[in-house]
Amino acid sequence: MAGICCGVVGESEAATPVETTSRASRRRRMELRPFKLVADAAVQSPLENGRKRQKIELDLLLPSSPRDCNNAVQNSDAKKLNGVNCNGTVKLESENSVEEEKVWPKFGMTSVCGRRRDMEDAVSIHPSFCKQSYQVQISSDIHFFGVFDGHGCSHVAMKCRDRFHEIVKEEIESWGEKAVEWKQTMERSFERMDKEVQDWTVDAKESSSCRCELQTPQCDAVGSTAVVAIVTPDKIIVANCGDSRAVLCRNGSAIPLSCDHKPDRPDELLRIQEAGGRVIYWDGPRVLGVLAMSRAIGDNYLKPFVIPDPEVTITERKCEDECLILASDGLWDVVTNDTACGVARMCLRAQKPPSPPGSPGSDAAVRGGAAESSDKACGDASILLTKLALARHSTDNVSVVVVDLKKNQQPQ
Amino acid sequence: MASAVRSPAPERETFQNFFECWLVEQNQHLQELIAASQQHHSTADDDSLCSLIKRVLENYEHYYKAKARWGKEDVLAMLSPAWTSTFKDAFLWIGGWRPIMAFHLLYFKSGLQLEDQLNELIRGMGRGDLGDLSPCQLSRIDELQAKTIKEEKEVTEKMAKHQETVADSSMLELNHLVSGNDEERGWGRCGSGEGESAMECKEEGLKEMLQRADDLRLRTLKAVIDILTPIQAVHFLIAAAPKDS
């Protein structure tokens with residue numbers, strides 16, 4: 001793990017020079033969570049700290065209780081892993097690599113409730129969640145990014161957020177010394193994820209936070225989209241189920257890496273009909289007049305018409321690759337792939353002047369727990385795309401992940 | 001908006017008079033806010049903006065204090081206000097605006113200003129208005145929104161429970177009037193068993209509901225302002241000005 005963790009959540013300190021706030025807020029964080037610290041983290045310079053102490057740094061950022069998560073960078077569930085899980089509040093996290101040895105992805109993430117009354121989106125980011133063991137000499141880190149847009153209730157999306165990367169990791173590791181067969185790996189992972197959701201026994205503690213309170217039969221009518229991207233040094237593997245989407249920005253043009261599963265997509269329509277189902281137009285095309293997507297994790301009552309099988313794309317990375325955008329339909333309903341790419345690449349290229357004093361966020365320092373970055377371009381891109389979706393009257397939850405693909409490109 | 005103002009009952013007139021005076025003040029403030037938003041060029045005049053915002057918020061507080069006072073005297077009049085249009089009436093939530101509307105308003109106004117300056121924003125040259133909400137601000141707003149929705153739901157739920165109690169008692173009351181039987185029990189803690197006191201009891205509950213709703217409205221307004229920078233707050237208050245009643 002390497003890099004400066006630059007999540008900006010709860011607060012940002014745009015108003016003050018990055019260097020000083022970085023230290024100050026780190027100190028603050030430590031005061032808040034004294035038990036999690038390794039003592040030397042406090043005296044290291046931010047850069048040094050960032051490079052060598054990613055784990056600690058992440059721990060520092062992690063809320064010590066679920067209640068904290070609202071003003072912290074990462075959600076409470078992230079504490080067991082060096083990743084970002086989020087649901088319910090804006091989380092914004094960027095990471096930037098420090099050139100040498102390890103490759104650390106830069107990313108930014110924003111997830112907001114927007115104009116909906118319930119938050120059903122969930123985002124999961126796990127940099128370096130697993131190693132490709134078959135590449136003995138390199139043993140490269142690979143990164144996990146996932147966006148899950150729940151429907152009916154949020155619990156399936158939450159479960160995906162908490163479990164998906166673990167399942168994928170197990171599946172990758174099961175290849176041992178052999179080269180990973182990605183398509184099969186992702187298909188197996190989706191199948192297992194769906195199975196877990198089905199078999200999920202009600203846990204009283206979890207159900208309390210759940211709108212549907214996990215009551216069957218409502219529980220059967222709950223599901224989630226899943227768009228999962230695995231970024232390796234030379235490939236981007238995207239597996240998708242539902243109408244969230246992954247788009248690659250390459251050399252200025254937008255290349256969709258997933259194709260939405262809508263019930264009126266000709267091949268999907270055919271598949272549903274062959275399975276004996278129907279697509280009924282009720283406020284748009286819906287499977288049995290109910291669900292406006294043709295594949296999803298969960299939704300037991302709509303099986304076998306609605307299936308959890310992903311479509312997998314494997315894309316070789318090129319040096320012209322600029323960024324990868326994963327988002328829920330809260331973004332894609334109102335922003336085209338091209339516009340999203342345009343906005344994201346401009347943010348990544350922008351040379352930003354230092355923020356003027358008194359600009360947004362100057363009050364943030366008081367709240368503690370802020371994180372900051374020397375390069376928050378990805379975070380800015382994700383937040384700007386989110387704001388653009390809200391500006392264009394998106395009525396849904398909006399979740400956006402932007403991954404910078406430029407600098408963590410390994411020499412071929 | 002064309003308003004169909006109903007003729008006020010005599011005892012309602014007092015609040016209506018107050019409201020009209022308050023609106024005049026509110027309008028003066030609105031003019032000041034608009035002027036401030038147009039003149040604002042640097043953060044140097046933040047102090048004067050802050051004092052303006054403070055005055056506007058005090059005017060809102062003044063309004064809610066007055067409303068609470070009148071509410072204690074005639075809660076029913078406050079819950080079906082004669083000083084707004086029937087159209088607005090139809091959209092009322094416990095005698096006023098839904099607290100969550102503050103966020104829709106913010107996103108709306110922010111959206112207008114964002115589209116307006118997308119290119120500048122990408123280059124980091126934002127004007128500092130509502131289009132320029134920082135990650136931290138968006139995060140805090142989202143957090144506040146979730147909290148507000150929760151509180152709004154709680155109040156709604158309480159109101160529903162309170163409304164449901166009316167069925168029992170009003171049935172009893174009716175029974176009461178028809179039978180003339182003073183021995184009819186069932187008013188519970190409301191005491192005497194007379195319709196009047198039952199009504200009073202219901203009204204007490206309504207007063208509490210109104211109080212909680214107004215409290216949430218004012219708190220939400222203040223909390224949003226608290227997250228915004230002075231010039232953003234000015235833009236927000238301009239957008240919010242005609243909304244409140």
Side-chain angles (χ1 to χ4, degrees), chain A residues 7-15 70-71 73 88-92 94 108 110-119 339 342-347 349-364 367 370 376 379-384 386-394, chain B residues 42-47 49-50 98 100-101 103-150 152-153 156 226-233:
Chain A
V8 184
V9 168
E11 24 276 273
S12 90
E13 281 146 319
N70 284 344
N71 23 1
V73 175
T89 41
V90 182
K91 305 286 141 100
L92 190 135
S94 333
T110 306
S111 182
V112 297
C113 188
R115 291 185 176 86
R116 281 277 295 271
R117 282 181 81 82
D118 298 290
M119 181 61 176
T339 305
V343 169
R345 72 193 287 251
M346 279 193 276
C347 283
R349 287 177 169 197
Q351 291 296 311
K352 301 214 170 191
S355 309
S359 73
S362 51
D363 54 331
R367 289 161 55 90
K376 28 184 211 69
D380 286 348
S382 70
I383 207 121
L384 194 51
T386 303
K387 288 199 288 181
L388 186 59
L390 292 172
R392 296 190 172 175
H393 312 288
S394 177
Chain B
S42 72
T43 50
D45 36 323
D46 271 1
D47 284 350
L49 290 186
C50 285
R98 266 190 184 273
I100 214 64
M101 292 311 292
F103 300 91
H104 289 253
L105 190 65
L106 182 65
Y107 284 146
F108 177 73
K109 188 78 188 259
S110 159
L112 287 184
Q113 295 184 335
L114 177 91
E115 289 273 18
D116 212 32
Q117 50 167 324
L118 194 54
N119 283 325
E120 286 110 305
L121 278 175
I122 287 168
R123 270 179 249 115
M125 310 285 286
R127 291 174 218 154
D129 62 16
L130 286 172
D132 206 6
L133 287 176
S134 73
C136 145
Q137 288 179 311
L138 193 55
S139 150
R140 290 177 64 190
I141 286 162
D142 193 64
E143 191 187 313
L144 179 65
Q145 183 187 8
K147 195 170 142 264
T148 308
I149 288 179
K150 195 163 158 277
E152 205 188 274
K153 277 180 181 164
T156 303
D226 194 44
I227 293 171
L228 302 177
T229 64
I231 188 64
Q232 289 173 331

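Scope of the values below: all heavy atoms of this structure, side chains included, with no hydrogens, waters or symmetry mates.
- With a 4.5 angstrom heavy-atom cutoff, B:Phe103 does not touch chain A via any of its atoms.
- For B:Gln145 and B:Thr148, the side-chain atoms include no donor-acceptor pair closer than 3.5 Å.
- In this view, B:Arg98 and B:Glu152 satisfy the salt bridge (Lys or Arg N to Asp or Glu O under 4.0 Å) rule, not counting sequence neighbours.
- Residues B:Thr229 and B:Gln137 are in side-chain contact: their nearest non-hydrogen atoms beyond the backbone lie under 4.5 Å apart.
- Residue B:Ile141: no heavy atom, backbone or side chain, is found under 4.5 Å from chain A.
- Residues satisfying the side-chain contact (heavy atoms from CB on, under 4.5 Å) test with A:Ala381, not counting sequence neighbours, are A:Ala344, A:Cys347, A:Val402.
- Only the backbone of A:Arg116 has a heavy atom closer than 4.5 Å to any heavy atom of chain B.
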